[in-house]
Amino acid sequence: MRYAIISDIHANIEALDAVLDTVDGLEVDQILCCGDLVGYLASPNECVERIRECRIATIAGNHDLAAAGMKRLDSFWDVARQAIIWTRRQLSSENAEFLRSLPGIMTVDDRVLLFHGALHPATAPEDLHLEAEEDIRQSFATMTRRHPSIRVAFFGHLHVPCVYRMREDAVEILDPRRLRLEADSHYLVNPGSVGLSRDSDPNPAFALYDAETGEIEFHRVIHSHVTATARADQAGLTRPGWLLWFLRKCARKLCKLVGCADVDY
């Protein structure tokens with residue numbers, strides 16, 4: 001089986017369609033999504049409907065839960081909160097119900113595990129940004145305890161492609177380009193974001209996983225966000241740039257040092 005893994009679409013229908021067009025030519029058996037279909041940008045109904053039309057196996061992200069009325073807005077910063085309130089008004093009842101029906105985690109073919117933010121803590125794991133070594137270690141521990149037969153999990157929320165490997169109790173960060181899974185290791189893999197990248201490359205990202213060979217490849221699709229940003233402007237939604245993402249990330253790290261709650265950015 002060959003899987004395409006996408007995540008963090010954030011109501012960017014143009015970027016989603018660009019990725020799906022690319023995936024269509026790659027002999028993929030199934031497309032999987034690690035959540036956050038909506039939020040930030042201005043095509044929430046179109047993105048949810050495309051996911052449904054294409055029968056993409058999907059879990060719920062924190063923005064999906066909030067937009068569907070299943071999560072309070074306390075943990076969201078002002079730009080995200082504004083977009084969620086707007087999205088709630090735009091979503092059709094059918095699409096809102098679809099978001100409410102999504103699971104928080106999913107296993108696929110007993111080979112792949114999907115989650116959004118982290119596999120721990122017990123409360124609101126979709127809010128946790130999986131970056132600190134101790135958090136990565138705890139999610140690996142949860143994965144191996146609850147899903148002992150699965151070696152690789154894909155997750156979202158960071159909007160940055162990355163690979164974490166656990167081998168003999170050691171956590172390693174690998175280069176997210178192309179790799180082959182090793183039998184003595186477990187992996188947590190972020191495919192990057194379709195609709196709103198937070199690294200130096202603004203193009204939509206996704207990953208391919210070949211379950212037979214154990215190979216994972218990371219891809220970018222050359223794409224202009226002009227139409228998506230114009231839609232956001234027309235809707236009155238704020239579009240945070242790279243510098244604002246960086247400043248929010250620094251603020252989050254400072255909050256963690258002094259014991260504040262994790263805040264979405």
- Show your reasoning for whether salt bridge (Lys or Arg N to Asp or Glu O under 4.0 Å) applies to Asp109 and Arg111. CA-CA 5 Å; Asp109 301 329; Arg111 290 172 163 174; 5.4 Å; no

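- Using a 4.5 Å cut-off on side-chain heavy atoms (C-beta onward), Leu179 and Val189 make no contact.
- Residues Leu113 and Leu119 form a side-chain contact, since some pair of their non-hydrogen atoms from C-beta on lies under 4.5 Å apart.
- Note on Met143: it does not cluster hydrophobically with Ile59, by side-chain heavy-atom contacts below 4.5 Å among ILVMFWY residues.
- In Arg145, the CZ atom is crowded: over 12 heavy atoms of neighbouring residues, nucleotides or ligands sit closer than 6.0 Å.
- For Glu14, the side-chain contact (heavy atoms from CB on, under 4.5 Å) partners at least two apart in sequence or on another chain are Asn12, His223, Thr227, Ala228, Arg231.
- No side-chain heavy atom of Phe154 sits under 4.5 Å from any side-chain heavy atom of Tyr3.
- Taking the salt bridge (charged side-chain N to carboxylate O under 4.0 Å, His left out) definition, one finds that Glu27 meets it with nothing, sequence neighbours left out.
- Every residue meeting the ring pair (Phe, Tyr, Trp, His ring centres under 6.0 Å) condition with His219, not counting sequence neighbours, appears here in chain and number order: Phe206.
- The side-chain heavy atoms of Ile216 and Val152, taken from C-beta on, include a pair separated by under 4.5 Å.
- Within 6.0 Å of the CG atom in Asp175, the count of heavy atoms belonging to other residues, nucleotides or ligands exceeds 12.
- With sequence neighbours excluded, the residues satisfying ring pair (Phe, Tyr, Trp, His ring centres under 6.0 Å) with Phe115 are Phe155.
- Paired with Tyr40 under the rule ring pair (Phe, Tyr, Trp, His ring centres under 6.0 Å), one option of His225, His63, His159 passes, and it is His63.
- At a threshold of 4.5 Å between side-chain heavy atoms, the hydrophobic network of Ile, Leu, Val, Met, Phe, Trp and Tyr places Ile56 and Val23 in one connected group.
- Arg146 meets the salt bridge (charged side-chain N to carboxylate O under 4.0 Å, His left out) test with no other residue; sequence neighbours excluded.
- Annotation: side chain of Leu32 is not in contact with side chain of Tyr209 (no heavy-atom distance under 4.5 Å).
- More than 12 non-hydrogen atoms from other residues, nucleotides or ligands lie less than 6.0 angstrom from CD of Glu212.
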- Please step through salt bridge (Lys or Arg N to Asp or Glu O under 4.0 Å) for the pair Arg2 and Glu215, ending with a clear verdict. CA-CA 10 Å; Arg2 279 169 55 86; Glu215 289 189 345; over 6 Å; no

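- Listed by chain and residue number, nothing satisfies the side-chain contact (heavy atoms from CB on, under 4.5 Å) test with Arg55 (two or more places apart in sequence, or in another chain).
- Side-chain atoms of Val221 and Asn203, non-hydrogen and from C-beta on, never get closer than 4.5 Å to each other.
- Between Leu99 and Leu91, the closest side-chain pair of non-hydrogen atoms falls below 4.5 Å.
- Counting heavy atoms from C-beta outward, Asp8 and His116 have side chains that approach closer than 4.5 Å.
- To the nearest 0.5 Å, atom CZ of residue Arg151 and atom CG of residue Leu188 are 13.0 Å apart.
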- Task: Just do the salt bridge (Lys or Arg N to Asp or Glu O under 4.0 Å) check on Lys71 and Asp64 with the steps written out, would you?
- Result: CA-CA 9 Å; Lys71 186 177 183 66; Asp64 302 324; over 6 Å; no

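- With rounding to the nearest 0.5 Å, the separation of CG in Asn45 from CG in Asn95 is 4.5 Å.
- Rounding to the nearest 0.5 Å gives a distance of 13.0 Å between CD1 of Ile51 and CD of Glu46.
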